[in-house]
Structures are given as C-alpha cells and as structure tokens.
2 protein chains.
Amino acid sequence: MRWSDIGHSACSVARALAIVGDRWTLLVLREAFFGIRRYEDFQRLTQASPRIVADRLAKLVAEGVMEKQRYQERPVRYEYRLTPMGRELHPVMVTLSLWGQRWMGDPARPPVRLVHRTGCGRPTMPVLVCSECSEPVTAPDIAVEFGDAYAEERAALTRTPDALGRVTPGGSEP
Amino acid sequence: MRWSDIGHSACSVARALAIVGDRWTLLVLREAFFGIRRYEDFQRLTQASPRIVADRLAKLVAEGVMEKQRYQERPVRYEYRLTPMGRELHPVMVTLSLWGQRWMGDPARPPVRLVHRTGCGRPTMPVLVCSECSEPVTAPDIAVEFGDAYAEERAALTRTPDALGRVTPGGSEP
DNA sequence: ATGGGTGACTTCCCTTTCGGAAGCGACGTA
DNA sequence: TACGTCGCTTCCGAAAGGGAAGTCACCCAT
C-alpha cells in the first residue's frame, strides 16, 4: 500500500492525510498559521532542509492548500499564503496544539497562548461542540456511521490483497 | 534536524507531531476510534505491512497513547486500546475528517456520518468554539501569543545552525 | 564594473527509514 | 499429526531524508 493509493480511499481521514499527513508539511502549515509567508522563513523556522521545504510547499500549492504569489516584481520574489482550503485546517492545528500542550508540555509555561481577538478578547482553549445542539462532544458522545461506499471498501478488506482492487474500478453499487 | 530532536522543541505542535505526526500512526488511530482493538484488524483495515503496524502500535504504547492488554489467556492474545491521552486526540481526528470530507470528498456521499449519540441524537459536524464565550472561532479570530521559552527558541533560529543549541542546554532566563 | 548580499531554490551524495514478502512460534482444533 | 490462527520478526531492495554546496537573478554600495 503506497500513499498515492491511499488518497483514493473513500475515507476522508486517509484523503486528508495523503495531503497533510506528513511531519514537515504540518510544521510548514504551523508556520503559515503563525503568519509566515516567505520561503526563507519557513526554512529557518521549521529547521527543515531547503529541499524538504521546497518540496512540501510545492505539494501544498499543487493540492490547493497554499498559493504562491509574486509579492515583488524586481527582483521577482514569491510568497506562500494559505488558501481558504488551507485556512480551514485551523481547527486541526488548534486541536493538535492543545493536545500537545495538555499532554506533553509544562502547563505552567505554555509555548503559545490563543486569544479570542475578535470576540471576547480573552485567552481561550477552543472546544469542539455539536453543530446541532452546541453541547461539547468527546469521543464516547459520537457514533460513527459508515457511508455505503466506505462500508463496502472496508468490507472488501479481507485477507486477499486484490479484494480492494475489485471495488475501486467499478465504484458503483449494482 | 531529526525527529528525535523535534520532540524537544518548546512547540506543542512539534511535540505532538513527534508522536502522532505520521501517516500510518494516524490511520492506526483512526481505526482505534472506530473501535478496532486487535492487531490483525489494524493490519487489515489500514493495509499497512505487519512491520509498520507493530512498530506504530509499540510507539503509541510507549508514548502512552494506547495500552496493550491481554484479552485472553490461552492462547495469549493482546488488544490495544486508547488511553485517556489517546482518547483526547478525538478532536484532532474529527476536525481532520471533516476537513477531508469538505475539501476532498463528494458531499453527497460522505464516507462517515457522525451522530451525537449521547446528546441531541442528530447527525453532527462538530465546530470549534471559544472556551470562554462559546462563539465559533476561525483562524482570523484567534491571535497567537508566544510564551517566553518558545519565543526565545524562535528568536534563536537565525541562519547559524548552532544558535538553537545554545538555548536548549541552559534553558533559563537570567 | 565589480564585489558582496539576498532570496528562492537545485544538485549531489550518502545515510536512514520504509514497505513488502516471507517466516516463525505458540497455541487450538480436527 | 496436520492445519489454521494470531501476533508478530527478519530480511532486503527502494525510497525518503539530511547536509553541504552550488545556481541564478537581481539589487546595492564602492
């Protein structure tokens, strides 16, 4: 199983991971959310090698998560910005960061503090709530129901490696 | 910069990524949230090779995200369950999944549907809200303030590669 | 006009890690 | 005794990663 294949899975987690499921990619995105836009700064602040940074930025642009814009003509210089698609990764970064602070950090000295700038103005630790009733939700509160396509894909995953292949090409329910 | 070093960063995102920032690891966790507990099922449903599954499960156990329990004595068999630390990754998985569905899926046929089982009972698409005022938050609503340690770490990241090294050993502000 | 600096990458080379196939060992069942 | 199941481990070739250096286009100061 290769990662190029996994992007074709029906699973939205798998598809998301095919794009952003890479450490360097996520560090680049972290910097993007901090407001970083220029290649040099991504490279410096992530401490990734130039190769990695160029590669990850190019992939993010290709996938539509970031866009490359000229910010100056002479000499030609570029900057990378989050697209709307990229900006909507914010909840992922926030929840990941909060998890890291909760379980791996010294609570007395958090590395970052989030402030609800446009709202109540207070330091905040955002919480996931139900879109329908606005109650906080945790793992046991939520039941997962598989859609038809994904249920089929999972059912096809028996011990025979070809089973998955037979589902993907056709893709329709008779 | 190697990944074993990045776990020592002050950044909570980096520390979190040092543990879960790997595609296979995240697929394993996806299955764990689906209720999968046994090695064989992780292997079958993620389509990862046995080596990868064994390795990732062992790492997750070592980090305290999952725990290995005997579920049967004769023959000895084990199962892997999420610890509280692991269960708190739920918001990360949910937001990642919703992002994947929003930007990569066919909205008419979502692979999974989340139902607010213990609450309103309706299909839900959880939303991040401010812990203080309960208003939904998106990227531009939130300002990020760096803590002292992390601000120092970032400031030390100049072009000279040794700069970071000089901060880490001391670690205190005079 | 020349030397240095900046920004955004590429190239090269070597080491580490990954992924797939196959094998193993303890046990249970027929 | 043979066969199947489960949970891994071993082996090896392929791919990715890291570091250092180089490139290219331009600007600026001397």
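Sequence lines set the chain letters: A, B, ... in the order given, protein chains first and strands last, and positions in each chain run from 1.
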(Q) When you measure from the side chain of B:Ser12 to the backbone of A:Ser97, do you find a donor-acceptor pair of N or O atoms at a distance under 3.5 Å? (A) yes
Main chain of B:Met104, side chain of A:Arg15: is a donor-acceptor contact present, judged purely on distance under 3.5 Å?
yes
Between B:Glu132 and A:Pro123, the two heavy atoms sitting closest are CG-O, 3.3 Å
Sorted by position of nearest nucleotide on DNA chain D, 5' first, the leading residue of B:Arg38 and A:Asp22 is B:Arg38
Does any donor atom in the side chain of B:Glu31 or B:Thr46 lie under 3.5 Å from an acceptor atom in the other side chain?
no
Out of C:dT10, D:dG18, C:dC18, minimum distance to the side chain of A:Ile52 belongs to D:dG18
Rounded to whole Å, CG of A:Asp55 lies from P of C:dT11 at a distance of 13 Å
Output yes when at least one side-chain N/O atom of A:Lys68 is less than 4.0 Å from OP1 or OP2 of C:dC9, else no. yes
From CZ of B:Arg56 across to P of D:dT9 the rounded distance in Å is 14 Å
**Asked** Looking for any heavy atom pair under 4.0 Å, which part of the strands does A:Phe42 touch: base, sugar-phosphate only, or nothing?
**Response** nothing
A:Tyr78 atom OH is separated from D:dC26 atom P, nearest whole Å, by 11 Å
Practice task
Mark yes or no for whether B:Arg23, through its side chain, and A:Asp22, through its backbone, hold a donor-acceptor pair below 3.5 Å.
Solution key: no
Whichever of A:Asp41 and A:Arg23 has the more 5' nearest nucleotide on DNA chain C, that residue is A:Asp41
Distance check: side-chain N/O of A:Trp24 vs OP1/OP2 of D:dA16, anything under 4.0 Å? no
note: B:Arg77, atom CZ; D:dG7, atom P; distance rounded to Å ~ 6 Å
In whole angstroms, the gap separating C1' of D:dT5 from CD of B:Glu40 amounts to 8 Å
Rounded to whole Å, the CD-C1' distance (B:Gln43 to C:dA21) equals 12 Å
Testing D:dT9, D:dA21, D:dG18 for proximity to the side chain of A:Pro50, the answer is D:dA21
To the nearest angstrom, the OH-P distance between A:Tyr39 and D:dC24 comes to 16 Å
Atom CZ of A:Arg51 and atom C1' of C:dC13 are separated, to the nearest Å, by 10 Å
